[in-house]
Amino acid sequence: MATDQKLKARLPRGLADRGPADVAATETMLAKIRAVYELYGFEAVETPLMEYTDALGKFLPDQDRPNEGVFSLQDDDEQWMSLRYDLTAPLARFAAENWTRIPKPYRSYRVGWVFRNEKPGPGRFRQFMQFDADTVGAASVAADAEICMMMADAMEAVGLKRGQYVVKVNNRKVLDGVMEAIGLSGDEHAAKRLTVLRAIDKLDKIGPEGVRDLLGAGRLDQSGDFTKGAGLEAAAIDTVLAFTAARGETGAATIANLGALVGATVKGAEGVAELAEIATLVEASGYGDRVLIDPSVVRGLEYYTGPVYEAELTFEVPNEDGQIVRFGSVGGGGRYDGLVSRFLSEPAPATGFSIGVSRLMSALKAISSPILSGTEALGPVVVLVMDKDRAGDYLALTKRLRDAGIRAEMYLGSSGMKAQMKYADRRKAPCVIIQGSNEREAGVVQIKDLVAGAEAAKSIESNAEWKAARPAQVEVKVEDLVETVRGILASQA
RNA sequence: GCAGCUGUAGCUCAGUUGGUUAGAGCGUCGGAUUGUGGCUCCGAAGGUCGGUGGUUCGAGUCCACCCAGCUGUACCA
């Protein structure tokens, strides 16, 4: 059935278009972060947006198809491929595939879009940008400590002040110790352990009492929806909650608390020792005030095997509706000793961190960060077209400006002068160049400063007066065009 | 997935106990002003009232189901 119905232009949900200001601000921010990573000796590497699904993670258990959380397609040989959902798994593939060629420990960074087929929400997109740095082939916790310190430096490089952010460190082995202490070690309790970890992860969102409910029978949230809990005994719940509250005044106090809670288990003791070493290293480098041991950090990803970290913003900002917004985590990472070695017959310990670029960007916007100011660019100088058959003359004027390094364009539409002025206004043009037949014969051009003109307009009420005054408009010889425009640009800067 | 809320012009919304031709502001376009962006005034375009079915003499309004969006929650390897 034929129809003359027009196609509806629509952006898929969870995706976003970005305007010039956004693009420029992102570029600026990425440059700042990149400079920090390079200062630490990390080198750039870029991998494709797509990988074979088995390299990214797992197929659904017992089914020959990928997890629904990734965007997937089948190659012409029926192999499943997926858009990358983070930058860590592709790095692991790259490092393993080039294992004999790369210097080890291999220190690299990468930035790019990642994709997740999940329900989008405020601040949650299906395509977003991450900026990662990883060290592959170093088992020492010095590598972890260094990454944490580098993250602190990156936060400051993008304009956050000390106290506006904090890098929190925990250790999966300590969490394992807690699990062992409450009798949840062993494969048969894997599912329940996951439930407990998720509950702990929600501490800052729902508070200790909410976590208590989730660890026990379950929790009824404000929408009336019920979430089934882990079903732990009261004593076990107390142990877990005591663990999350184990943060002391100082790192040493926190470590002592943790030692008391899980020191009796092998894993727990190992984790506490690692945390103590990280604390020492961080302290020795003078980062003790912003890299903190915090037992409430969990991180959702299952592949972490040791230290885990999270960069968190500590300030709150009211949004346009007047509600208080906490940005929370703007990045996270940890040690993943198993991820690269999946591909290899030798151990390949690795640790890394990922910055959520988009989220960090919205936080910087909210506090009007200075590194984002000045990214709202003026448009080009617009050369108006008064006589359509003289386009060559106007292009010559435009080229004259371009040759002098001044952004300029000839109006390419078909409308009259009034509309061309409106166009220039909307383009945020600093000025327009006007040359009708009179000016052409005299070898001159009119140059109208749109910024100064708008300023002058405030004191002019009648349109007749406004037109007659021709505010901020000068007539100069064509030879003086460049110099005059330069003067106008300088006066607007 | 579960729950709550919301669907009327490009956007933000109004629309009375169900009653004639569904409105406003903003935006867009044109004119007042053949060659000057602002302001002001005048005018125009723009609607399957989310969809389908039902109740009714009559539905934007009431009912049922469906769809979409938002918010929370779950999942997020």
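Each chain gets a letter, A, B and so on, in the order its sequence line appears, and its residues count up from 1. Computed from a predicted model, the values in this text were never measured in an experiment.
No engagement by A:V432 is indicated, since no non-hydrogen atom pair under 4.0 Å with the nucleic acid exists. Residue A:S415 is out of contact with every strand shown, counting any heavy-atom pair closer than 4.0 Å. Counting non-hydrogen atoms under 4.0 angstrom, A:R126 reaches nothing in the nucleic acid.
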How would you summarise protein contacts on nucleotides 36-41 of chain B per nucleotide, using B for base, S for sugar-phosphate only and - for none, with heavy-atom distances below 4.0 Å?
BBBB--
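When base pairs are accepted only as Watson-Crick or G-U wobble with both N-N or N-O distances under 3.5 Å, RNA chain B takes part in stems of 3 or more pairs at B:1-7 with B:67-73, B:10-13 with B:23-26, B:28-32 with B:40-44, B:50-54 with B:62-66.
Separating the P atom of B:G19 from that of B:C65 is a span of 25 Å, rounded to the nearest Å. Distance noted for atom C1' between B:G47 and B:G7: 14 Å (whole Å). A gap of 15 Å separates the C1' atoms of B:U48 and B:A59, to the nearest Å. Atom name P, nucleotides B:C2 and B:A74: the rounded distance is 16 Å, in whole Å. For B:G25 and B:A45, the P atoms lie 15 Å apart once the distance is rounded to whole Å. Of the P atoms belonging to B:G50 and B:U6, the separation is 14 Å, rounded to the nearest Å. Taking atom P on both nucleotides, B:U21 is separated from B:C66 by 33 Å, rounded to a whole Å. B:G46 sits 14 Å from B:G30 when the C1' atoms are compared, rounded to a whole Å.
Here A:R198 does not reach the OP1 or OP2 of B:A74: none of its side-chain N or O atoms lies under 4.0 Å away. Under 4.0 angstrom from either OP1 or OP2 of B:C75 there lies at least one side-chain N or O belonging to A:K202.
Remark: A:K267 does not engage A:E270 in a salt bridge, criterion side-chain N to carboxylate O under 4.0 Å. Here A:E409 pairs with A:R427 in a salt bridge; the nearest charged N to carboxylate O distance falls below 4.0 Å. Between A:D176 and A:R193, none of the side-chain N atoms (NZ, or NE/NH1/NH2) sits under 4.0 Å from a carboxylate O, so this pair counts as no salt bridge. Under the 4.0 Å criterion applied to side-chain N and carboxylate O atoms, A:R299 and A:E310 are assigned as salt-bridge partners.
Distance A:Y85 OH to B:C75 P: 17 Å, rounded to the nearest Å. Distance A:D387 CG to B:U34 P: 17 Å, rounded to the nearest Å. Rounded to a whole Å, the NZ atom of A:K205 is 8 Å from the P atom of B:G72. Per the geometry, OH belonging to A:Y394 stands 10 Å off C1' belonging to B:G35, to the nearest Å. Rounding to whole angstrom units, CZ of residue A:F125 and P of B:C70 are separated by 11 Å. The nearest whole Å value for the distance from the CG atom in A:D86 to the P atom in B:C76 is 15 Å. Distance CG (A:L339) to C1' (B:A77): 11 Å, rounded to an integer number of Å. One atom, CG of A:D213, and another, P of B:U73, lie 15 Å apart when rounded to the nearest Å.
Relative ring orientation between A:Y106 and A:F94 is described as tilted, the plane-to-plane angle lying within the 30° to 60° band.
When only modelled atom types and interatomic distance are considered, A:T26 and A:R18 share a side-chain donor-acceptor pair under 3.5 Å. A:Y394 and A:R390 share no side-chain donor-acceptor pair at under 3.5 Å.
Residues meeting the side chain to side chain contact (heavy atoms under 4.5 Å, CB included) test with A:V476, sequence neighbours left out: A:V445, A:I447, A:V474, A:D480, A:T484.
Take the nearest nucleotide of RNA chain B for A:G121 and for A:G69: the residue whose nucleotide is more 5' is A:G121. Mapped onto RNA chain B by nearest heavy atom, A:L194 and A:R13 fall at different nucleotides, with A:R13 at the one closer to the 5' end.
Between A:K448 atom NZ and A:I488 atom CD1 the span is 11.0 Å, to the nearest 0.5 Å.
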Given A:D144 and A:Y309, is the side chain to side chain donor-acceptor pair (under 3.5 Å) satisfied, shown in steps?
CA-CA 9 Å; A:D144 299 281; A:Y309 3 99; 2.7 Å; yes
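Separation of the A:Y85 and A:F115 ring centroids does not fall under the 6.0 Å cut-off.
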